[in-house]
Amino acid sequence: MCAALNPAQQKAVNTLKGPLLVLAGAGSGKTRVVTFRIAKLIRAGTAPDRILAVTFTNKAASEMQQRVRQLLGKKLPTRPVVATFHAHCLQILRRHIRRLGYPVKFAIYDRGDQESIARSVLREIRVPNEKMRPAELLGQISRWKSQCLRASDAGAAAETDKQHLAAMGFGRYQQALKNAGAVDFDDLLLCTEELFVRFPDVLDEEASRFDHLLVDEYQDTNASQYRIVKALAQPHRNLCVVGDDDQSIYGWRGAEVEHILRFAKDWPNAVVIRLEHNYRSTEAILEHANRLIAFNTVRHDKVLRAARPGGESPRILQCKDEITEARQVVDDIRRQLRRPGIDGGDIAILFRTNEQPRAFETEMRRVKIPYVLIGGSSFFDRKEVRDILAYLRLLILPRDETALLRIINLPPRGIGSKTVQALMSHAVANGTTVWETMTGATLPSGMTPRAVEALRQFARQMRKFQRKTASSAGRSLTELVKQLIAEIGYEAELARLYDDPNERQSRWDAVQEVVNALGAYEAKNSKPSLSGFMDEMALAGRDMEEDKESQLRTHAVTLMTLHCAKGLEFPQVYMVGMEEGILPHRRSVEADERAIEEERRLCYVGITRAQDRLTFSLARTRRKWGKPRETMASRFLYELTGQAERAPHRRPRRTRQPNASASPGRNRTNPRR
DNA sequence: CCTGGCATCATTTTT
DNA sequence: TGATGCCAGG
């Protein structure tokens with residue numbers, strides 16, 4: 001890693017002016033080039049805070065920041081701005097969102113909040129013959145949003161019945177968000193884009209903050225990100241994008257490979273530099289990766305050359321079922337760990353879907369190999385955490401309806417669904433919010449005195465804490481929140497709900513973790529505020545656990561999805577579940593060739609994570625919904641080993657084994673319905 | 001108003 | 001398999 005830069009890398013670092021596209025193959029030292037470039041810009045006289053570097057994940061952002069700091073030493077008065085798209089857009093919205101008719105203070109709704117809105121929207125637009133789940137509605141809305149389609153245009157874009165239904169839901173969903181004073185993740189980008197289009201002065205102000213713009217993982221930009229980048233870079237044209245079209249794996253989130261493919265057309269005179277030397281993997285591994293990705297048709301033509309000749313050929317483990325698969329893989333890992341110089345931290349198990357790791361976890365626990373599962377259901381998905389956060393949101397923004405409805409009767413305080421219904425319909429009828437209604441002088445008629453008293457009591461309590469929050473400058477937020485938790489009797493509620501002391505404890509621990517996170521936030525920030533904390537929770541979310549993670553990770557085997565693995569590397573990699581229906585995923589198989597190409601890229605990403613040793617595994621039968629079903633080996637296995645013509649998946653779908661005896665493959669059984 | 005039990009239903013990837 | 005939703009009884 002300390003070797004000198006090669007000529008292409010050198011050139012990428014030194015081309016400081018004008019549009020630049022760096023096509024960086026996997027393992028080609030991309031991160032290094034980017035950080036060197038930033039350092040070079042600063043040394044050449046650019047003020048650090050005039051540089052904006054945009055990444056997709058928080059992890060990438062903090063890593064980049066750290067590396068630049070290492071390169072430059074700590075003597076700088078200002079820092080380059082390194083942020084994720086979402087974080088930077090949030091900054092912009094905090095300054096200007098009023099122009100779009102949102103309150104200055106607005107909440108960021110996460111998946112759970114979105115779902116509860118979607119649920120109520122669906123209840124309203126009940127259509128007899130179409131049933132739709134909240135997740136489906138949200139998926140469609142999100143897809144539209146990532147194409148910069150607004151609710152008003154969705155009706156025209158809808159094709160299927162479901163899409164028409166979703167188009168109806170879209171408008172209501174958006175309205176509900178606005179009423180609650182909230183934006184969802186997609187809105188962070190979409191509203192920014194809208195601001196830029198509708199208010200040129202806003203764009204002016206935001207674009208003129210920087211002289212240089214860098215975008216990492218450019219192949220993953222969706223329509224709104226693409227437009228935002230274009231708009232921000234237009235004045236100075238000092239735009240450097242870095243990416244690899246072969247690693248575009250977020251098409252389902254609206255990313256379009258075309259963006260990186262047409263960069264040179266978008267920006268005339270753009271310099272294009274290819275980094276085609278791979279310093280990460282052995283030749284044996286890279287050969288397989290190259291062979292696989294060559295099957296894709298939509299891509300920049302390039303061949304990665306291995307800087308590390310030779311190496312061990314990848315192996316394929318065929319196993320009876322998913323339990324055996326876990327056992328064999330973990331067995332293999334155990335053998336590896338006995339070898340000198342091999343540490344658990346050098347090993348990763350990569351999988352396609354989130355249900356796959358289960359079997360591996362069980363097995364690892366059984367043989368006592370430490371592991372970390374990255375992603376998965378996070379701490380922030382826990383009910384207790386979400387409850388407390390809902391309270392906190394209510395303190396900042398009383399009109400946040402999702403938060404209010406979540407905790408209005410939690411712990412139970414005698415405000416039942418009847419009462420809530422009455423409040424809601426009253427609010428709708430009067431064009432106001434539930435909070436306004438319940439704190440108003442006259443409550444809706446027909447409520448029992450008991451309910452009225454409960455409401456009054458709750459409102460008093462919340463108002464007290466709202467006041468305290470508003471005037472909390474200089475005082476400890478942590479203390480405030482502790483007091484809140486005590487007053488609502490949350491601990492007693494946990495005791496009431498859960499008899500098992502272990503469970504009770506772990507749930508209470510989760511509550512404590514929120515308090516701790518707040519404490520950490522307060523310690524870290526010079527002027528902490530509750531809303532600042534909530535922003536961090538919404539955007540950084542999962543990363544807050546990272547400190548714990550990195551402590552463990554030194555010796556623990558890493559388990560994660562292929563998507564999470566992008567950008568990382570491990571000496572030893574296990575790619576498990578190499579079966580038709582998993583990788584490529586069933587949904588992609590049922591879609592089109594484009595979708596298959598994305599799955600192939602996903603597989604490519606997995607392979608190119610491996611430095612020294614790569615193992616594939618598959619199960620011949622796999623339990624699904626409790627029933628075991630036979631599987632077929634992934635077509636990618638055939639492709640990457642150079643036996644594509646023997647791959648059995650090409651038989652037309654839904655026919656019964658037309659050529660069952662054509663070749664003696666081992667995993668060729670037709671899946672039965 | 002609250003709780004527990006039963007039936008039903010659908011399963012990708014994430015900022 | 002597991003999560004969620006609805007209904008009946010306390």
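Bear in mind that the values here come from a model prediction, so they are computed numbers and not experimental data.
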Quiz item: What orientation do W144(A) and F170(A) show, parallel under 30°, tilted 30 to 60°, or perpendicular over 60°?
Solution: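 Correct class here is parallel.
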Quiz item: Looking across every strand, which nucleic acid part, if any, lies under 4.0 Å from R586(A) by heavy atom: base, sugar-phosphate, or nothing?
Solution: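 Nothing, no heavy atom under 4.0 Å.
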Exercise. Quick one: label R119(A) by what it contacts on the DNA or RNA (base, sugar-phosphate, nothing), any heavy atom closer than 4.0 Å.
Key: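 Touches sugar-phosphate only.
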Taking only Lys NZ, Arg NE, NH1 and NH2, and the carboxylate oxygens of Asp or Glu, determine whether [X] and [Y] approach each other closer than 4.0 Å.
X       : Y       : answer
D246(A) : R601(A) : no
R622(A) : E325(A) : yes
E639(A) : R635(A) : no

Quiz item: What integer number of Å spans the C1' atoms of dT4(C) and dT13(B)?
Solution: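 Per the computed distance, 23 Å lies between those C1' atoms.
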From [atom1] of [X] over to [atom2] of [N], roughly how many Å is that when rounded to an integer?
X       : N       : atom1 : atom2 : value
F351(A) : dT14(B) : CZ    : C1'   : 14 Å
F85(A)  : dT14(B) : CZ    : P     : 19 Å
D110(A) : dT14(B) : CG    : C1'   : 12 Å
D187(A) : dT15(B) : CG    : P     : 18 Å
R358(A) : dA3(C)  : CZ    : C1'   : 11 Å
E590(A) : dT13(B) : CD    : C1'   : 16 Å
I596(A) : dT12(B) : CD1   : C1'   : 13 Å
R111(A) : dT14(B) : CZ    : C1'   : 9 Å

Quiz item: Ring stacking, H563(A) with base of dT13(B), under 5.5 Å and under 30°?
Solution: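 Stacking is absent between dT13(B) and H563(A), given that the ring centres and planes do not meet under 5.5 Å and under 30°.
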Quiz prompt | DNA chain B: 5'-proximal contact among E598(A) and G414(A) (nearest heavy atom) | solution =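 Nearest nucleotide further toward 5': that of G414(A).
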Quiz item: Which comes earlier along DNA chain B counting from the 5' end, the contact point of H585(A) or that of V420(A), where each point is its nearest nucleotide?
Solution: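 Closest to the 5' end, via its nearest nucleotide, is V420(A).
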Practice problem: Look at S588(A) and dT12(B) and indicate whether a side-chain polar atom (N or O) is within less than 4.0 Å of OP1 or OP2. | Solution: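 Result: no.
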Quiz item: Does T561(A) place a side-chain N or O at less than 4.0 Å from the phosphate oxygens OP1/OP2 of dT12(B)?
Solution: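 Answer no for this pair, as no side-chain N or O of T561(A) is under 4.0 Å from OP1 or OP2.
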Enumerate the protein-to-nucleotides 3-6 of chain B contacts in which both atoms are nitrogen or oxygen and the separation is below 3.5 Å.
{"unit_1": "dT3(B)", "atom_1": "OP1", "unit_2": "R496(A)", "atom_2": "NH1", "d": "2.8"}
{"unit_1": "dT3(B)", "atom_1": "OP1", "unit_2": "R496(A)", "atom_2": "NH2", "d": "3.2"}

Exercise. Would you confirm whether the ring centroid of Y250(A) sits within less than 6.0 angstrom of the ring centroid of H563(A)?
Key: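 Ring centroids of H563(A) and Y250(A) are less than 6.0 Å from each other.
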Counting heavy atoms from C-beta on, name the nucleotide in [options] closest to the side chain of [X].
X       : options                   : value
F185(A) : dT14(B), dT12(B), dT15(B) : dT15(B)
K418(A) : dC1(B), dT12(B), dT15(B)  : dC1(B)
N354(A) : dA10(B), dT12(B), dT14(B) : dT14(B)
N409(A) : dC2(B), dT12(B), dT14(B)  : dC2(B)
T419(A) : dC1(B), dT14(B), dT12(B)  : dC1(B)

Quiz prompt | Pairwise salt bridge (charged side-chain N to carboxylate O under 4.0 Å, His left out) hits with a residue in residues 249-258 of chain A, at least two apart | solution =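 Counting only pairs at least two positions apart or across chains, the salt bridge (charged side-chain N to carboxylate O under 4.0 Å, His left out) contacts touching residues 249-258 of chain A are E258(A)-R594(A).
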Quiz item: Which residue pairs satisfy the salt bridge (charged side-chain N to carboxylate O under 4.0 Å, His left out) criterion with at least one member in residues 84-95 of chain A, sequence neighbours excluded?
Solution: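 Residue pairs passing salt bridge (charged side-chain N to carboxylate O under 4.0 Å, His left out), neighbours aside: R94(A)-D535(A), R95(A)-E206(A).
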Practice problem: Report yes if a donor N or O on one partner sits less than 3.5 Å from an acceptor N or O on the other, where the partners are the side chain of W252(A) and the base of dT13(B); otherwise report no. | Solution: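 Under the 3.5 Å cut-off, the side chain and the base do form a donor-acceptor pair.
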Exercise. Could you verify whether a donor N or O on one side chain and an acceptor N or O on the other, from Q457(A) and R460(A), lie under 3.5 Å apart?
Key: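 Checked: Q457(A)/R460(A) side chains pair up, N/O donor to acceptor below 3.5 Å.
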